[in-house]
Amino acid sequence: MSAPTPSPASAAALAEQALAQVIADGAGAAALARRALALAGDERPQQAFAHVVLALVAFREGTLEDGQAELDAAIACAGAEPPPRLAWLIEHDRAMALRRRGELARAAELLGALHERGKGERPAVDRYLTLAALGIVVGMEGDNDASLDRFHEALATARESGVPSLVVNALNNLGSLQSDLYNLEDALGLLQECLSGALALGSKRQIIYAAGNLVQCLCLMGRPAEALAIAREQLIARIRPDDLPALQRDEEIAHVLLDNGLLDEAEARLGGVVHVDAMSNELATSRVWLLARILLARGRAAEALALCRARQALREGDESTVAIDRVNLDRVAAQAAAAVGDHELAYRLQCEAFATHELLLGRAARARYLSLQIRHRVQQAESERDLARGLAARLESLNASLREQAAENERLQERLRAQALEDALTGLHNRRYLQDAGAALVALTQRQGEPLAAALVDLDHFKHVNDRHGHAAGDQVLQAFARLVRGALRASDIVCRSGGEEFVLLLPGADAGQARVRLERLLERFRTVVFDGAGARFCCTFSAGVATARPGDGLERLLQRADAALYAAKDAGRARVVEASKESIET
């Protein structure tokens with residue numbers, strides 16, 4: 001009896017299953033992808049899809065070399081002009097390779113562009129993978145606001161996908177970030193739902209991830225007994241010594257054991273092999289303060305202090321460590337210093353711990369505020385969607401003429417609203433929106449005592465672009481700049497096209513120095529974009545001026561200082577970002 005003929009259709013179905021399973025079970029996803037590869041026969045796109053999944057699993061759980069080899073195989077099978085979805089998945093894997101190499105800025109840029117380019121066309125599973133990765137990368141870069149926004153969007157996309165393992169992963173990402181930001185109330189609900197979902201799925205990986213983050217959150221909330229019950233049932237009872245490093249949770253388990261006074265168990269937990277997960281955040285600081293707590297409890301205060309001080313010296317100036325770990329490190333070090341009689345050092349360390357803790361409370365408040373904003377935005381969109389569905393159901397009983405008239409009226413209304421507040425060419429907000437929303441934002445940040453930066457951007461030599469390359473090329477330049485700036489902004493930022501080639505950005509929570517850094521990054525990206533003009537290819541730059549709102553400022557006064565800085569940028573030779581001088585005269 002002859003062997004069955006390979007089926008590309010079967011290969012495609014298996015590859016789809018493998019892609020959806022990557023988050024929950026890497027080994028299972030890899031096995032499905034290898035079966036898909038065997039069934040693909042001579043179908044090169046199907047082979048490429050299977051290699052894409054194998055590369056993704058390797059980048060998440062294996063070696064960089066294995067992942068790159070699978071990615072190279074996918075690119076070779078895809079050919080010069082792969083189907084759009086396959087090309088997007090390859091781009092995603094390229095970003096994962098950059099992340100593993102530590103090239104976070106390039107990974108974020110690639111993921112951001114991929115997210116914007118395929119928003120309305122890519123399947124929900126693909127969009128989720130990109131959003132989740134983007135949220136993690138921008139968070140590792142220190143942009144917690146952007147990470148929070150992306151994780152909220154990822155959760156909505158996961159629910160849209162209907163894949164339970166993606167929903168669990170999205171809840172875990174968002175919940176653990178809220179916990180890191182000390183927004184513990186929001187974190188607790190998310191992580192409890194996450195663990196329930198993981199248990200329903202039976203995914204060991206996701207149960208361990210969810211339980212580890214939930215245990216840590218409960219410890220931070222001062223509920224160690226609850227944390228211990230979960231740790232014993234869902235972590236200690238499940239984790240095996242030969243499990244992947246990503247599944248080892250020694251630090252979280254030792255933390256809850258210590259908080260329950262189980263010193264010997266905690267010491268044994270930290271006495272084995274140190275597990276390093278290549279895709280995780282740095283864990284060494286938490287391990288140090290936990291070991292120092294044990295030494296302190298054993299009466300070895302001098303050793304505890306030396307251990308903490310060595311770690312503090314190593315991490316000085318490095319903000320990658322989670323803030324609560326810096327607080328705990330300083331607090332344990334202060335206790336050890338007091339125990340050895342160095343009360344001056346103990347006082348200084350307690351002051352540092354207090355200052356970091358105050359900063360952490362501010363982060364928590366901001367995270368809660370932004371989460372409320374984002375949830376309101378999502379709820380509003382869902383309400384509008386439900387309202388539209390209800391209206392459509394009622395109108396269904398009317399005749400075709402009335403239905404068409406109602407649809408036409410709705411289209412006209414949408415067009416009028418868009419014309420009133422949006423620039424038709426770029427899709428950005430217009431000057432009218434700036435006057436209304438910008439003035440309200442200035443007033444809000446003044447009341448709350450938060451910083452607010454304004455930036456005025458002018459595309460350099462834009463008239464020359466139109467004259468030499470044609471107005472169609474000029475429109476391409478404007479649209480390209482709009483796409484880049486949208487991808488670089490947070491949900492709370494405002495960007496408007498205020499004139500022909502002029503744009504205004506309002507950045508709450510940022511001062512002029514921070515705004516200048518963001519605009520300089522945007523300038524570097526913009527100047528690499530190549531445009532096709534009338535008979536020639538060309539690149540563009542922009543000049544920008546940034547200013548920080550002062551007490552008592554209105555929108556007009558803030559924009560005047562940013563405008564003065566913009567003129568200074570032009571006078572200095574263009575293609576640069578200039579901060580308004582502190583001595584600039586208010587007019």
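Reckoned from all heavy atoms, side chains included, excluding hydrogens, waters and symmetry mates. These figures come from a predicted structure and were not determined experimentally.
Not counting sequence neighbours, the partners of Arg574 by the side-chain contact (heavy atoms from CB on, under 4.5 Å) test are Asp460, His461, Ser543, Lys570. Judged as a side-chain contact (heavy atoms from CB on, under 4.5 Å), and not counting sequence neighbours, the contacts of Glu524 are Arg527.
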Q. Are Arg159 and Leu171 close enough, and set up right, to give a side chain to side chain contact (heavy atoms under 4.5 Å, CB included), and what steps lead you there?
A. CA-CA 10 Å; Arg159 295 194 193 281; Leu171 289 165; 3.8 Å; yes
**Q.** side chain to side chain donor-acceptor pair (under 3.5 Å) between Asn169 and Tyr128, worked out
**A.** CA-CA 10 Å; Asn169 182 253; Tyr128 175 77; 2.5 Å; yes
Q: Walk me through it: do Glu153 and His115 pass the test side chain to side chain contact (heavy atoms under 4.5 Å, CB included)?
A: CA-CA 11 Å; Glu153 189 177 355; His115 171 55; 3.1 Å; yes
Q.
Let's go through Val477 and Phe538 carefully: what are the C-alpha distance in whole Å and the side-chain angles of both, what is the deciding distance for side chain to side chain contact (heavy atoms under 4.5 Å, CB included) to 0.1 Å, and is it a yes or a no?
A. CA-CA 10 Å; Val477 172; Phe538 65 96; 3.8 Å; yes
Q: Go through the steps to decide whether Leu506 and Leu555 satisfy the test side chain to side chain contact (heavy atoms under 4.5 Å, CB included), and finish with yes or no.
A: CA-CA 10 Å; Leu506 296 178; Leu555 177 63; 4.1 Å; yes
Q: Test side chain to side chain donor-acceptor pair (under 3.5 Å) on Asp325 and Trp289 and set out the steps.
A: CA-CA 8 Å; Asp325 282 330; Trp289 67 258; 3.0 Å; yes
Q) When you look at Gln560 and Arg557, which way does the side chain to side chain donor-acceptor pair (under 3.5 Å) test go after all the steps? A) CA-CA 5 Å; Gln560 284 175 349; Arg557 183 176 296 179; 5.7 Å; no
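A side-chain donor from one of His92 and Thr130 sits under 3.5 Å from a side-chain acceptor of the other. A donor-acceptor contact under 3.5 angstrom links the side chains of Asp330 and Gln312, judged on distance only. Donor-acceptor pairing under 3.5 Å is lacking for the side chains of Asn144 and Ser147. Between the side chains of Gln68 and Arg101, a donor-acceptor pair is found at a separation under 3.5 Å. Arg311 and Thr285 share a side-chain donor-acceptor pair at under 3.5 Å.
In this structure, the side chains of Pro508 and Asp493 come closer than 4.5 Å at one or more pairs of heavy atoms. Looking at heavy atoms from C-beta onward, Val137 lies out of side-chain contact with Leu98 at the 4.5 angstrom threshold. A heavy-atom distance below 4.5 Å is found between the side chains of Arg490 and Arg518. You'll find the side chain of Phe542 stays beyond 4.5 Å of the side chain of Asp458, heavy atoms only. Proximity of Leu505 to Ile494: side-chain heavy atoms (C-beta onward) are nowhere separated by under 4.5 Å. Side-chain contact check for Arg150 versus Ile136: every heavy-atom pair is 4.5 Å or farther apart. Using a 4.5 Å heavy-atom threshold, the side chains of Asp93 and Ile90 count as separate. Using a 4.5 Å cut-off on side-chain heavy atoms (C-beta onward), Ser286 and Asn328 make no contact.
Listed for the Thr548 side chain is a donor-acceptor partner under 3.5 Å among the backbone atoms of Ala512. Remark: side-chain polar atoms of Arg576 are paired, donor with acceptor, to backbone N or O of Ala572 under 3.5 angstrom. Asp553 places a side-chain N or O within donor-acceptor distance of the main-chain N or O of Arg550, the cut-off being under 3.5 Å. Remark: the backbone N or O of Ser498 is paired with a side-chain donor or acceptor of Arg431 at under 3.5 angstrom. The main-chain N or O of Thr528 is never found under 3.5 Å from a side-chain atom of Arg525 such that the two would form a donor-acceptor pair. A distance-only check finds no donor-acceptor pair linking the side chain of Asn172 to the backbone of Gly175 [under 3.5 Å]. In terms of modelled atom types and a separation under 3.5 Å, the side chain of Ser161 and the main chain of Ala158 share a donor-acceptor contact. Using a distance-only test at 3.5 Å, with no hydrogens or angles considered, a donor-acceptor pair links the side chain of Arg127 to the main chain of Arg122. Under the 3.5 Å distance criterion, the side-chain polar atoms of Asn466 are left unmatched by any main-chain donor or acceptor of Lys463. Judged purely by atom type and a 3.5 angstrom limit, Asn213 uses its side chain to pair as donor or acceptor with the backbone of Tyr209.
Other residues, nucleotides and ligands contribute more than 12 heavy atoms inside 6.0 Å of the CD atom of Glu160.
Using a 4.0 Å cut-off between a side-chain N of Lys or Arg and a carboxylate O of Asp or Glu, Arg326 and Glu352 do not qualify as a salt bridge. Glu103 has no carboxylate O lying under 4.0 Å from a charged side-chain N of Arg99, or vice versa, which leaves the two without a salt bridge. Taking the charged nitrogens against the carboxylate oxygens, Glu109 and Arg106 have no contact shorter than 4.0 Å, which rules out a salt bridge.
Rounding to the nearest 0.5 Å gives a distance of 6.0 Å between CG of Leu56 and CG of Leu129. With rounding to the nearest 0.5 Å, the separation of CG in Leu188 from SG in Cys217 is 5.0 Å. Of the inter-residue distances, the one linking Glu116 atom CD with Arg483 atom CZ reads 10.0 Å to the nearest 0.5 angstrom. A distance of 4.5 Å separates CG in Asp423 from CZ in Arg497, rounded to the nearest 0.5 Å. One finds the CD atom of Glu502 at 7.5 Å from the CG atom of Asp563 (value rounded to the nearest 0.5 Å).
Using cut-offs of 30° and 60° for the angle between ring planes, the Phe503 and Phe481 rings count as tilted.
Of all the heavy atoms in Tyr433 and Cys496, the pair that sits closest is CD2-SG, 4.1 Å. Here the closest heavy-atom approach between residue Ala515 and residue Leu507 is recorded as CB-CD1, 3.7 Å. What you find for Ala97 and Leu64 is that their closest heavy atoms are O-CD1, 4.1 Å. Nearest heavy-atom pair across Ala78 and Leu86 is CB-CD2, 3.8 Å.
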